[in-house]
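Here is the structure we will look at.
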Amino acid sequence: MSLEKHYYITTTLPYVNSEPHIGFAMEILRADLLARWQRSLGNEVFFNTGVDEHGLKIFRKAEELGVSAQEYCDQMAAKFGEMKDSLNLSYNSFIRTTDAHHVAAAQEFWHRCEQAGDIYKKTYNVKYCVGCELEKTESELVDGHCPLHPKMELELIDEENYFFRFSKYQQPLLDLYKSNTQFVLPEARLKEISAFVERGLDDFSISRLKDKMPWGVPVPGDDKQVMYVWFDALVNYISCLGWPAECNEPFDSAQGDNSSNYCRFWPGLQICGKDNLRQQSAMWQAMLMSANLPTSRQVLVNGFITSGGEKMSKSLGNVFNPLDLVKEYGTDAVRYYLLAYTNPFEDSDFTIEKFRAVFQADLANGLGNLASRVSTLLAKNNISLELKRETGAMGEKVAEKLSEYSYNEALRVLWAAFSEADEKLSAARPWKMTEAKEIKECLEPLAQMLLSAGLILENFLPETGARLVSIFGVTQIAKAEALFPRLD
RNA sequence: CGCGGGGUAGAGCAGUUGGCAGCUCGCCAGGCCCAUAACCUGGAGGUCGUCGGUUCGAAUCCGACCCCCGCAACCA
């Protein structure tokens, strides 16, 4: 009990300007797998996710729909919350950046950065397209003009905002990357962010004029400004842990359980998509340094999910809503595809055709059919078994793969065993055997393997894992119902 | 010379100490009949982006080039 380790993992917070995306489903499923795995090892786990609700886009979207920003966010938060049941997620913390304690934490965080001398006011130029009635960023412009209104000149507006002294943290960030070569995974992303920081950092704006955009956390001590959404959103990774609750210093192990979650769980593991590399591994780390808090333990950077080789986009009509997929194919089928058929660090492709092919091959014909064969043979011959509830060598292999975040290869270990079992059955032909002893000797190791696989799968496919355990975890094994009926 | 990733059988991928080119799906032909028309065996199919170099030997190391994809900061 006293040896219990603390493990904190958090996803990024999806922005609620659109429906849940399959890429985020992959991210949160990976986090869920790691959280379940750590729990199964006996560690105490804090698993955070939530929604990012502030900012201009949300404000506009709500206006468009004719509801208040808060109402809009409530609706969207509920929609993202549905993923918990739909994908069978085990997170214990769902933070909304409009939560009062988060808002207060963001303000305290601001305050600390300010005390460190890292926040200052500066006037900067905003490029404004009158055609769109929108501010435009450099990256949105084509030849210095708004691509939608190329004939209109952009208006330059001076706006005074607060800035964060990002530039001050160039060297500390480089030191961080150098001292911990695993800080960002994969290595290529660490190289990418190092190269980016190496080139020099510009301070970034962390506030907006309230008149133009009121939907944000008020800047402490300045009622004319609200925080820029990133600044408040990033703080969620510690506000969800109860920060700014202070630690007992010196740490009193006898009262360990009385200390705040922040003290027990931070620093933690952050998992994000590759579009979040800068925010998570540079901006947020610099902010933590400024507030004089420990930097994150590690940042895992996922690739994207493409469809048919192309980036998913609404205009191409190749966007998949994970909730719809679950309704049609079931939770574990979606979990399986997103964990088994995505590359841990590079882009991966998703199409319905591939998804269905995988369902048929691996789930119906593979695991499902094997479970039927073995359970039926045992039941027909009325064989009783005393199997061990342990994961054995297979569990060790899976652990090894998971320790390097090879979610896909971890599952491949199991499916290789299923395939081997099918081969053994065909070679041994237990249905031809007449001696009960001989039959038992043939089937017992296979049933044991399936029970072990079930125990392991409870982390990947909780429902399927539990079903396998209930099928093979008894002495008198009965013919099992189909785990994954074939698709038509 | 902005940064980074990738180009291996019809499709999707594995292959980081250089040593007969592999896996899954699909296709063809057998087998089996316990099982969810599932399972097993065998087969066809690749000049490993192009050119050059190092080496007894390179998909794997080095150089040049071509093509594809992200990112390029205040866009969450």
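Just so it is clear, the structure is predicted and the values come from calculations on it, not from any experiment. Throughout, a chain's letter reflects where its sequence line sits, starting with A, and its residues are numbered from 1.
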Which of parallel (below 30°), tilted (30 to 60°) and perpendicular (above 60°) describes A:F355 and A:F350?
tilted
Applying a 4.0 Å non-hydrogen cut-off, can you work out what [X] is touching in the nucleic acid: base, sugar-phosphate, or nothing?
{"X": "A:L13", "result": "base"}
{"X": "A:E353", "result": "nothing"}
{"X": "A:N276", "result": "base"}

If the [atom1] atom of [N] is compared with that of [M], how far apart are they to the nearest Å?
{"N": "B:U55", "M": "B:G2", "atom1": "P", "result": "34 Å"}
{"N": "B:G15", "M": "B:U24", "atom1": "C1'", "result": "15 Å"}
{"N": "B:G26", "M": "B:G12", "atom1": "P", "result": "16 Å"}
{"N": "B:A14", "M": "B:C74", "atom1": "P", "result": "33 Å"}
{"N": "B:U17", "M": "B:U60", "atom1": "P", "result": "13 Å"}
{"N": "B:A59", "M": "B:G43", "atom1": "P", "result": "23 Å"}
{"N": "B:G10", "M": "B:C32", "atom1": "P", "result": "33 Å"}
{"N": "B:U47", "M": "B:A73", "atom1": "P", "result": "43 Å"}

Distance from A:E27 atom CD to A:H21 atom NE2, nearest 0.5 Å?
11.5 Å
Output the distance between atom CD1 (A:I383) and atom CD (A:Q476), rounded to the nearest 0.5 Å.
9.5 Å
Rounding to an integer number of Å, can you tell me how far [X] [atom1] sits from [N] [atom2]?
{"X": "A:D275", "N": "B:C71", "atom1": "CG", "atom2": "P", "value": "8 Å"}
{"X": "A:W415", "N": "B:U24", "atom1": "CH2", "atom2": "P", "value": "15 Å"}
{"X": "A:L201", "N": "B:G2", "atom1": "CG", "atom2": "P", "value": "20 Å"}
{"X": "A:D349", "N": "B:C69", "atom1": "CG", "atom2": "P", "value": "14 Å"}
{"X": "A:L185", "N": "B:G5", "atom1": "CG", "atom2": "C1'", "value": "16 Å"}
{"X": "A:L190", "N": "B:G5", "atom1": "CG", "atom2": "P", "value": "12 Å"}
{"X": "A:M287", "N": "B:C74", "atom1": "CE", "atom2": "P", "value": "17 Å"}
{"X": "A:I352", "N": "B:C25", "atom1": "CD1", "atom2": "P", "value": "20 Å"}

Any chance you could list the contact pattern along nucleotides 26-41 of chain B? Use B for base contacts, S for sugar-phosphate-only contacts and - for none, protein heavy atoms under 4.0 Å, 5' to 3'.
------SSBBB-SSSS
Dot-bracket notation for RNA chain B, counting Watson-Crick and G-U pairs under 3.5 Å, with | for partners on another strand:
.(((((((.[[[[.)...(..]]]].(((((.......))))).....[[[[[..)....]]]]])))))).....
Ring centroids only, cut at 6.0 angstrom: are A:W243 and A:Y237 within range, meaning strictly under it?
no
Can the ring centres of A:Y169 and A:W284 be said to be less than 6.0 Å apart?
no
For A:N48 and A:S93, work out which heavy atoms get closest and say how close.
OD1-OG, 2.8 Å
Could you report the tightest heavy-atom contact between A:H102 and A:R96, atom names first, then the distance?
CB-O, 4.0 Å
Check: residues 415-424 of chain A side-chain donor-acceptor pairs under 3.5 Å, at least two apart:
| from | atom 1 | to | atom 2 | distance (Å) |
| --- | --- | --- | --- | --- |
| A:W415 | NE1 | A:D362 | O | 2.9 |
| A:D422 | OD1 | A:R373 | NH1 | 2.7 |

Phosphate-side-chain proximity, A:N343 and B:A14, N/O vs OP1/OP2 below 4.0 Å:
yes
With a cut-off of under 6.0 Å to the ring centre and 45° to the axis, is A:R278 in cation-pi contact with A:F196?
yes
Taking the cut-offs as 6.0 angstrom to the six-membered ring centre and 45 degrees off its axis, would you call A:K274 and A:F304 a cation-pi pair?
yes
Hey, which of these two, A:P14 or A:F166, hits RNA chain B nearer its 5' end, going by closest nucleotide?
A:F166
Most 5' of A:R189 and A:G200 on RNA chain B, judged by nearest nucleotide:
A:R189
Among side-chain atoms of A:T475 and A:S384, is any donor-acceptor pair under 3.5 angstrom?
no
Quick note, A:D202 side chain, CB onward, closest among B:C74, B:G6, B:A73 is B:A73
Side chain of A:E346 - closest among B:G6, B:C71, B:C74:
B:G6
